[in-house]
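Quick caveat, the model's predicted, so the values are computed rather than measured.
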Amino acid sequence: MAGRSSQPTYEKAAAARAVWSRDFGLFFTARAVARLGDTMLPVALAAGLLQHGYGAGAVGLAMAATAAAFAGLVVFGGVLADRFSTRKLMIGSDLVRLGTQALAAALFFSGHVVLWQICAIGFVNGVASAVFQPGVASTVPRLAADIQGANGAIRVAESAAQLAGPAVAGLLVGFASPGGVFAAHATTYAVSALCLLLLRLPPPVPGSRAVAGRGTKAFRADLVEGWREFRSRRWLWGVIAVWCVYMIAVWGPTVPLVATEVVREHGPRAYGLVNSALGAGTVVGGLLALRLRPRRMLRAGAIALVGFAAFPASVGAGLGLPAMAGGAAVAGAGMSFWGVMWATSVQTQVPPDVLNRIHAYDVAGSLAMMPVGQALAGPAASVLGADHVLLVAGATSFAVCAALLLIPAVRGLVRVDAAAAGSDGTSAPLHTAEPARAPKR
């Protein structure tokens, strides 16, 4: 009996060792701190630009400058990450953003705020983010043997940071100034860069970084190869194709219309509560993803994603504040669980030599339709009414999850360890990750 009772404790300890190490702890800290800073930025931009006489359109333009640069260049960032040291690229990106945010802080502290300068800073930040992001996908498998556990832990940390960031930014604006928020944001990039500098990554798998040459022609060849690898995996491009519909019809209209409807009917404090419930749900979803190990990860993730329908539907139906907060929490948990299942599937099913490029195509495809959905939200609400658009978004969320489950390559994809065990006769994946135990690159 004693042996049996100690077995779960031993398994938990083994799982923890498969995730936590000095190097993963550094990467975990870098991601959490950077996420905290990123969630502070919208508050700083809004407060700072409004304080200097600009309107909501200027705030949107400044944010769009960053988003446009990121979405337009992240695919090229994926090629760079597959050709060069991801660690050095990420450190360089953090240092660039440290400089730009320090410059923004100086502009706001001095009171000399010109919109085009803020937009230019945002554009440079977007370029740096496009170089940084692809390397995240290949770094996680090199730092932890338990890739799902690592993704779950990072998701929980990022969700907690997303909860705290706006509140911290609000306090800084109140007690200091918007320039103080930008200074704090710059500091988060300094911390991230320092953690990455101290990080020790194992050398790449032999042959995984074979470069076909230098120059424009080779760069273009890498882009084409990445696209070919992306297109060859039905489960991958199938999810992205469905996700484009999700961005247009569900996520895109939900974010702005929920904000306007909740604020109009219940006030800004109510919206803050609903947003907090959404964030709390994402923490719960990340914790569930740490414990649950479904054999078919995308199938389980798609089923969990059904919960997101509760968010727009509860607001569209005009339910009370507790029901809307509950719907937001369920939505956050479902979205977070899906996110871990998806990230882990990509990181374990794709070979390391093209993983950064595949991740870049994934990010670009996932984000491409979001501004379209946001732009169409207003006209659709004018014609149908915001409540009806939100109800349609809830119904479409069900349809999207059903579409994911109807794709055989998606619902049938077997997790790496199950496939490697040959439990159902499926072929083993192209690679498996090993924990990092090598000197710094």
Side-chain angles (χ1 to χ4, degrees), residues 34-78 80 89-90 92-134 162 165-166 168-170 172-173 176-190 192-193 247 251-252 255-256 259-260 360 363-364 366-379:
R35 183 60 179 164
L36 177 67
D38 289 343
T39 57
M40 293 164 61
L41 183 59
V43 177
L45 276 174
L49 289 175
L50 292 173
Q51 190 178 87
H52 285 82
Y54 293 99
V59 177
L61 188 61
M63 292 181 180
T66 302
F70 178 78
L73 297 174
V74 69
V75 170
F76 300 100
L80 291 175
L89 287 173
M90 289 191 289
S93 299
D94 275 340
L95 293 177
V96 168
R97 291 180 289 185
L98 165 61
T100 56
Q101 296 310 92
L103 175 58
L107 291 176
F108 279 99
F109 277 132
S110 69
H112 181 74
V113 177
V114 181
L115 182 59
W116 75 263
Q117 294 174 342
I118 301 302
C119 289
I121 288 173
F123 186 86
V124 174
N125 281 343
V127 174
S129 297
V131 174
F132 184 100
Q133 184 61 37
Q162 190 165 357
V168 172
L172 286 174
V173 168
S177 70
V181 184
F182 281 99
H185 192 198
T187 303
T188 64
Y189 286 127
S192 176
M247 287 289 107
W251 184 260
V255 174
T260 55
V363 172
S366 298
L367 295 179
M369 294 296 108
M370 183 172 66
V372 177
Q374 291 175 331
L376 293 175

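- Of all the heavy atoms in Leu107 and Val113, the pair that sits closest is O-CG2, 3.8 Å.
- Between Asp38 and His185 the shortest side-chain heavy-atom distance falls below 4.5 Å.
- Of all heavy-atom pairs spanning Cys119 and Ala65, the tightest one is O-CB, 3.5 Å.
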Starting from the C-alpha separation in whole Å, work towards a yes-or-no answer on side-chain contact (heavy atoms from CB on, under 4.5 Å) for Met40 and Leu172. CA-CA 10 Å; Met40 293 164 61; Leu172 286 174; 3.7 Å; yes
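- Between Leu73 and Ala130, the closest heavy-atom pair is C-CB, 3.7 Å.
- Residues Phe182 and Ala44 approach most closely at CE1-CB, 3.7 Å, considering heavy atoms.
- Looking only at side-chain heavy atoms (C-beta outward), Phe132 and Val74 stay at 4.5 Å or farther from each other.
- With values rounded to the nearest 0.5 angstrom, Ile118 atom CD1 is found 6.5 Å from Leu49 atom CG.
- Here the side chain of Thr100 pairs a donor or acceptor atom with the backbone of Arg97 at under 3.5 angstrom.
- The two residues Ala128 and Ser93 have their closest heavy-atom pair at O-OG, 3.2 Å.
- When all heavy atoms of Ala183 and Phe109 are compared, the pair lying nearest together is CB-CE1, 4.4 Å.
- By the 30° and 60° cut-offs, the orientation of the rings of Phe108 relative to His52 is perpendicular.
- No donor-acceptor distance shorter than 3.5 angstrom exists from the side chain of Ser192 to the backbone of Thr188, with no hydrogens or angles considered.
- Within the structure, side chain to side chain donor-acceptor pair (under 3.5 Å) contacts touching residues 103-124 (residues at least two apart or in different chains) do not occur.
- Asn125 and Thr66 share no side-chain donor-acceptor pair at under 3.5 Å.
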